[in-house]
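In what follows, a structure is listed as structure tokens, so that the remarks can point back to it.
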Number of protein chains: 2
Amino acid sequence: MASIGEHGGDDVRKRLRALGLRPTRQRVALAELLTTGEHRHLSAEDVYAEARNAGIRLAYTTVYNILHQFTAAGLLREVVVEPGRTWFDTNTGPHLHLLDEESGTLQDYPIDPKSLHLLNELTLDDDLEIADVDIMVRVRRKPGRD
Amino acid sequence: MASIGEHGGDDVRKRLRALGLRPTRQRVALAELLTTGEHRHLSAEDVYAEARNAGIRLAYTTVYNILHQFTAAGLLREVVVEPGRTWFDTNTGPHLHLLDEESGTLQDYPIDPKSLHLLNELTLDDDLEIADVDIMVRVRRKPGRD
DNA sequence: GTAACTGCAAAACTTTTGCAACCAG
DNA sequence: CTGGTTGCAAAAGTTTTGCAGTTAC
């Protein structure tokens with residue numbers, strides 16, 4: 001594990017600054033929390049709870065502020081599944097989402113961007129360009145004998 | 001224009017019944033409203049307002065109930081763009097969505113399902129199958145000279 | 001010192017719930 | 001009749017706002 005210790009996080013600070021974000025105590029703490037370990041899907045509430053558990057003192061409002069700033073900066077991706085169910089995805093690489101509607105489970109599935117052949121053929125207005133593509137595959141248990 | 005007149009809607013009634021939905025006054029009226037004319041993206045509020053303007057008396061709750069029932073029955077598609085921004089799409093054919101984040105505008109773009117080559121290669125659990133696929137292409141105005 | 005940022009409480013929104021009244025078959 | 005539907009008001013949930021106080025540089 002890299003040296004993201006007690007008083008560490010110098011690299012995080014640099015990265016934040018490069019994104020035009022002042023490395024405040026709260027932003028550094030959340031950035032470390034969110035970029036450490038496996039990729040995850042977290043609700044704002046999840047992030048708040050985890051932060052508090054980790055001993056980070058910060059307000060709920062601040063969690064929202066920072067999550068949105070991180071999303072705008074490309075550190076996170078926002079995934080809206082249903083109204084009132086927003087996930088922040090720590091995986092910003094090319095992937096699609098598998099949603100099991102029965103359980104509400106969201107799963108990443110890596111894809112080769114080149115396979116999105118279709119997107120190169122979209123006819124857009126001349127002054128428009130593709131900023132991002134979200135693909136959600138809704139899966140269900142096969143019907144039949146239970 | 002087909003005969004969807006004052007006291008008409010017999011075909012609508014049949015269609016609703018075929019879907020297992022009792023053709024109540026409210027359901028018939030909304031089904032006519034939503035299946036007439038061009039395809040559109042409507043919020044629950046839009047539908048409520050349009051219905052009232054058209055002289056249909058019904059409750060906000062009922063609009064939600066019916067929109068969800070229609071969605072489950074395949075008469076509509078639900079599109080969630082951001083938390084607190086759900087659209088009901090009257091176009092149930094194969095298409096993707098272009099979202100201009102600046103303006104919040106959502107636009108349909110027809111696609112050939114066969115071009116979704118990628119989806120045939122997804123490795124899913126044996127008891128799972130694809131129920132539906134939502135593709136959202138976020139577009140933005142090209143940066144550069146203003 | 002100053003602009004950027006945070007924290008708190010309240011507000012704003014959309015969507016859901018519970019239950020009595022109503023209607024279709 | 002009888003269960004499926006509707007309507008109303010109230011509740012639930014998430015996300016946003018306004019503004020005073022704090023912090024980064």
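Below, chains carry the letters A, B, ... as their sequence lines are ordered, and counting in each starts from 1. Here the structure is a predicted model, which means the values were calculated and not measured.
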(message) Using whole Å, what does the distance between atom P of nucleotide C:dC23 and atom CG of B:Leu58 come to?
(response) 14 Å

(message) I want to check one thing: is the phosphate of C:dG25, taken as OP1 and OP2, less than 4.0 Å away from some side-chain N or O of B:Arg17?
(response) yes

(request) Determine: side-chain N/O of A:His68 to OP1/OP2 of D:dT15, distance under 4.0 Å, yes or no. (result) no

(request) Find the distance A:Ile56:CD1 to C:dT6:P and express it as a whole number of Å. (result) 13 Å

(request) Assign the ring pair A:His41 / A:His97 to parallel, tilted or perpendicular, where the plane angle (0 to 90°) is split at 30° and 60°. (result) perpendicular

(request) Using a cut-off of strictly less than 4.0 Å, decide whether A:Gln26 has a side-chain nitrogen or oxygen near OP1 or OP2 of D:dT23. (result) no

(request) Specify the separation, in whole Å, of atom CD of B:Glu82 and atom C1' of D:dT16. (result) 13 Å

(message) Considering every strand and a 4.0 Å limit on heavy-atom distances, what is the contact class for B:Thr61: base, sugar-phosphate, or nothing?
(response) base

(request) Can you tell me the distance, in whole Å, between the CZ atom of A:Arg85 and the C1' atom of C:dT16? (result) 14 Å

(request) Select base, sugar-phosphate, or nothing to describe what B:Ser43 touches, counting heavy atoms under 4.0 Å on all strands. (result) nothing

(message) Distance alone, cut at 3.5 Å: any donor-acceptor contact between the side chains of A:Arg27 and A:Gln69?
(response) yes

(request) Find the distance A:Trp87:CH2 to D:dG13:P and express it as a whole number of Å. (result) 15 Å

(request) Considering just the side-chain nitrogens and oxygens of B:Thr24, establish if one lies under 4.0 Å of OP1 or OP2 belonging to C:dC23. (result) no

(request) Quickly work out the A:Leu21 CG to C:dA4 P distance and round it to whole Å. (result) 13 Å

(request) By nearest nucleotide on DNA chain D, pick out whichever of B:Asn65 and A:Tyr60 is the more 5' one. (result) B:Asn65

(request) Write down the distance between CG (B:Leu16) and C1' (D:dT5), rounded to a whole number of angstrom. (result) 13 Å

(message) Under a 3.5 Å distance rule, please check whether A:Asp125 uses its side chain to pair with a backbone N or O of A:Asp127 as donor and acceptor.
(response) no

(request) When you get a sec, tell me which of D:dC8, D:dT15, C:dT15 is the closest nucleotide to the side chain of B:Ala59? (result) D:dC8

(message) Under a 3.5 Å threshold, yes or no: a donor from one side chain and an acceptor from the other, between A:Thr62 and A:Asn65?
(response) no

(message) Tell me the interatomic distance from A:Tyr64, atom OH, to D:dG13, atom P, rounded to whole angstroms.
(response) 13 Å

(request) Specify the residue among B:Glu45 and B:Arg22 whose closest nucleotide of DNA chain C lies further upstream toward the 5′ end. (result) B:Glu45

(request) Remember a base hit wins even if backbone is also touched, and classify A:Arg27 as base, sugar-phosphate or nothing at under 4.0 Å, heavy atoms. (result) sugar-phosphate

(message) Base, sugar-phosphate or nothing for A:Ile66? Non-hydrogen atoms, less than 4.0 Å.
(response) sugar-phosphate

(message) Between B:His95 and B:His39, is the ring centroid distance below 6.0 Å?
(response) no

